[in-house]
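To keep things clear, I will list the structure first and then write my remarks on it.
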Amino acid sequence: MTDFILLGCTAFLAGLVDAVVGGGGLVQIPMMFYIFPTAVPATLLGTSKLAGIFGTAAAALNYARRVRIAWSTAAPAALAAFVLAFAGAYTVTKIPPDFIRTLLPVVLLAVAIYTFWKKDFGSIHAPLYSGRAEMVVAVGIGGCIGFYDGFFGPGTGSFLVFLFVRFFGFDFLAASAVAKVVNVACNFSALMWFGYSGHLFWQIGLLMALCQIGGSLVGTRLAIKYGSAFVRRLFLVIVSTLIARTGYDAFIKGQ
């Protein structure tokens, strides 16, 4: 019973964090590995995706009711992410992701420095593209991040937020809303793969999904209430934590 309570609380917190700025897996997956130390890693990742898709979908719906989502960006990015996530999942069965594990903390550090250095980054919503250019850039970002999510995964939501701010001129709140739509596509694609291969704890995943939904509803309300400045601060906290975690995994634990 204690394990289920821990999983529920962790899923709630993961849903809250993920709804605001992404990075919920940073909270949820380590706890799952702690509680189920002998489980197959793919099964734990699949179960996390099962819970995550409910939380992310709830966040996307909550944003859609309260924030104007740029569907002309979100839709092509989500479609590309869905397709390429499958390709990433297939590729990881052929090529070990060791080089990405080493590169990831460096990339995250560059993202954190850029965001911290540019004080007005993501504070103003001024879209840069429209029409065909918007679709092309959206497909490029969605495809790249979708492939990354299927191939490796940590920080997917945070990368999406950063890229939508940097390349589309969105503010952090609008970027987070669009990122949720793309994240749903990534999670659904990966979930199909894990479900087909039998790597799911259905009962545990659905229990965690209920808690994730609760956390995501709280997270979206906090983001909408406090705006882009709040999302930016939490973004920096999550990215800094990801740097520490992925740096430890790549350079200390991996030795």
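Residue numbers run from 1 in the order of the sequence given.
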Pair Q28-S48, side-chain donor/acceptor within less than 3.5 Å: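 Q28 vs S48: donor-acceptor pair found between side chains.
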
To the nearest 0.5 angstrom, please state how far the [atom1] atom of [X] sits from the [atom2] atom of [Y].
X    : Y    : atom1 : atom2 : answer
I53  : L50  : CD1   : CG    : 8.0 Å
L236 : I113 : CG    : CD1   : 11.5 Å
I35  : M32  : CD1   : CE    : 8.5 Å
S176 : F164 : OG    : CZ    : 10.5 Å
F12  : I213 : CZ    : CD1   : 12.0 Å
L61  : K180 : CG    : NZ    : 13.0 Å

Pairs touching residues 207-229 that satisfy ring-ring contact (aromatic ring centres under 6.0 Å, His included), sequence neighbours left out: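 The answer is Y226-F230.
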
ring-ring contact (aromatic ring centres under 6.0 Å, His included) partners of residues 50-78, not counting sequence neighbours, each pair once: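 Every pair satisfying ring-ring contact (aromatic ring centres under 6.0 Å, His included) with a residue in residues 50-78: there are none.
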
Backbone N/O of L200 and side chain of T47: donor-acceptor pair under 3.5 Å: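 No; zero donor-acceptor contacts below 3.5 Å.
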
Hydrophobic cluster partners of V139 (side-chain heavy atoms under 4.5 Å):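 Hydrophobic cluster check, V139: joined to M135.
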
Atom CZ of F33 with >12 non-hydrogen neighbours under 6.0 angstrom: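 Yes.
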
Atom OH of Y114: over 12 foreign heavy atoms under 6.0 Å: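 Correct, the count exceeds 12.
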
Find out if a path of hydrophobic residues (ILVMFWY) with successive side-chain heavy-atom gaps under 4.5 Å connects [X] to [Y].
X    : Y    : result
L206 : L6   : yes
L79  : I141 : no
V182 : V136 : no
F116 : V21  : no
V27  : L210 : no

side-chain contact (heavy atoms from CB on, under 4.5 Å) between T73 and F170, worked out: CA-CA 11 Å; T73 298; F170 293 170; 3.8 Å; yes

[X] versus [Y]: any side-chain heavy-atom pair under 4.5 Å?
X    : Y    : value
I145 : L163 : yes
I224 : V67  : yes
Y196 : M192 : no

Under the salt bridge (Lys or Arg N to Asp or Glu O under 4.0 Å) test, residues paired with R166 that sit two or more places apart: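 Scan of R166 (salt bridge (Lys or Arg N to Asp or Glu O under 4.0 Å), adjacent residues dropped) gives none.
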
Those residues that, when tested against D18, pass salt bridge (Lys or Arg N to Asp or Glu O under 4.0 Å) (two or more places apart):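 If we apply the salt bridge (Lys or Arg N to Asp or Glu O under 4.0 Å) test to D18, skipping adjacent residues, there are no hits.
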
Test side-chain contact (heavy atoms from CB on, under 4.5 Å) applied to I29 and L44, step by step: CA-CA 8 Å; I29 292 174; L44 297 183; over 6 Å; no

Closest approach of [X] to [Y] (non-hydrogen atoms, all atoms of both residues):
X    : Y    : answer
A58  : S216 : CB-OG, 3.3 Å
A74  : I69  : CB-CG2, 4.2 Å
A51  : A209 : CB-N, 3.8 Å
S158 : V239 : CB-CG2, 4.3 Å
A223 : V231 : CB-CG2, 4.0 Å
L217 : N62  : O-ND2, 3.8 Å

Aromatic ring pairing Y148/F159, orientation class (parallel under 30°, perpendicular over 60°, tilted between):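 Rings of Y148 and F159: perpendicular, over 60°.
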
Mutual orientation of the aromatic rings belonging to F162 and F235 [parallel < 30°, tilted 30-60°, perpendicular > 60°]: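 Geometry flag for F235 against F162: parallel rings.
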
Working for side-chain contact (heavy atoms from CB on, under 4.5 Å), residues L160 and N183: CA-CA 8 Å; L160 283 169; N183 242 335; 4.2 Å; yes

Audit row: T115, F172, side-chain contact (heavy atoms from CB on, under 4.5 Å) steps and yes/no: CA-CA 11 Å; T115 304; F172 268 100; 4.0 Å; yes

Those residues that, when tested against D149, pass side chain to side chain donor-acceptor pair (under 3.5 Å) (two or more places apart):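 Counting only residues at least two positions away or on another chain, D149 forms a side chain to side chain donor-acceptor pair (under 3.5 Å) with K49, T156.
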
